[in-house]
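Structure, as structure tokens:
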Amino acid sequence: MAELPMKRIHIVGRKNSGKTTLIVELVTEFTLRGYCVGTIKHTHYKRELDTPGKDSHRHREAGSTAVGILSPGMNAIFWPQPAKRSRQAMYEQFDATMNQCDIVLVEGDSQTDAAKIEVFRAANSDLPMAMTDAEIQAVVTDDELKIGTAIWKRSDLDSIVQNIALLMELART
């Protein structure tokens, strides 16, 4: 596994497995414990994130390399993604913004070489992804599974948080 400046862990799983729900709960728990948490939502779909016709979109269409939006309540930055960039290079673009975070939770991107935790629900799939992906370090589920990967009980959020903190070497001494 590559060592990355941004301490990130990917929460992966099939559609409707509960990835978003788990991430929201993890953000809440880590924040309550004093951690600075960032999140990234990975998508396979190429879609416009800015609003076509708005000033920021027009700036980018005119050729701006990056377009920032600064407001009293929230900031954003949009930059184009070249087609032939490595996954690591794509995540490195977030380093400057998220390097103050103790942990960055990424929803999705099962093709990464970073740490991965799978959320599994037998109601949605017969087999966990961990059966074919040896890089998945644990499966979060309340279903009975017989696999060689660590299983973390979905109903035990405290234990999941502790295990992720240990995995990411964030445990405070």
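Note that the structure is predicted; figures quoted are calculated from it, not measured. We use all heavy atoms of the structure for the numbers below, so side chains are in, but hydrogens, waters and symmetry mates are not.
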Is the backbone of [Y] close enough, under 3.5 Å, to the side chain of [X] for a donor and an acceptor to pair up by distance?
X	Y	answer
His59	Val67	no
Asp133	Met129	no
Asp143	Ala122	yes
Arg8	Ile103	no

With Gln162 via side-chain contact (heavy atoms from CB on, under 4.5 Å) - residues at least two apart
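If we apply the side-chain contact (heavy atoms from CB on, under 4.5 Å) test to Gln162, skipping adjacent residues, the hits are Arg33, Asp158.
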
Run the side-chain contact (heavy atoms from CB on, under 4.5 Å) test against Leu127 and tell me which residues pass, sequence neighbours left out.
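side-chain contact (heavy atoms from CB on, under 4.5 Å) list for Leu127, sorted by chain: Met131.
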
Please give me the minimum heavy-atom distance between [X] and [Y], naming the atom from each residue.
X	Y	answer
Cys101	Gly38	SG-N, 3.6 Å
Ala138	Trp152	CB-CE2, 3.4 Å
Ser125	Arg14	OG-NE, 2.9 Å
Glu29	Val161	CB-CG2, 3.7 Å
Ile147	Ala130	CD1-CB, 4.3 Å

Cluster check [X], [Y]: I/L/V/M/F/W/Y, side chain < 4.5 angstrom:
X	Y	value
Leu167	Phe120	no
Phe30	Ile160	yes
Val27	Val140	yes

Run Leu22 and Leu26 through side-chain contact (heavy atoms from CB on, under 4.5 Å) and show every step you take.
CA-CA 6 Å; Leu22 179 61; Leu26 290 173; 3.8 Å; yes

So, [X] and [Y]: side-chain donor and acceptor under 3.5 Å apart, yes or no?
X	Y	value
Asn124	Ser17	no
Thr20	Glu107	yes
Thr141	Arg154	no

Output, in order, the C-alpha distance, side-chain angles, deciding distance and verdict of side-chain contact (heavy atoms from CB on, under 4.5 Å) for Val119 and Val12.
CA-CA 6 Å; Val119 182; Val12 301; over 6 Å; no

Quick one: CD1 on Ile117 to CD1 on Ile23, what's the gap to the nearest 0.5 Å?
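Taking CD1 in Ile117 and CD1 in Ile23, the distance rounds to 11.5 Å.
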
Who passes side-chain hydrogen bond (donor to acceptor under 3.5 Å, both in side chains) against Asp156, sequence neighbours left out?
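With neighbours one apart ignored, the set is empty.
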
Ion pair check, Glu61 and Lys54, cut-off under 4.0 Å
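No, Glu61 and Lys54 are not salt-bridged.
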
Got a salt bridge between Lys7 and Asp102, using NZ or NE/NH1/NH2 to carboxylate O under 4.0 Å?
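Looking at Lys7 and Asp102, the cut-off is not met.
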
For the pair Gln100 and Cys36, evaluate side-chain contact (heavy atoms from CB on, under 4.5 Å) and give the outcome as yes or no after the intermediate values.
CA-CA 7 Å; Gln100 82 282 0; Cys36 177; 4.2 Å; yes

Run the side-chain contact (heavy atoms from CB on, under 4.5 Å) check on Leu145 and Val139 step by step: do they pass?
CA-CA 9 Å; Leu145 291 178; Val139 176; 3.9 Å; yes

State which residue, out of Lys116, Lys41, His10, fulfils the side-chain contact (heavy atoms from CB on, under 4.5 Å) condition with Val106.
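For Val106, the side-chain contact (heavy atoms from CB on, under 4.5 Å) test succeeds with only one of Lys116, Lys41, His10, which is His10.
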
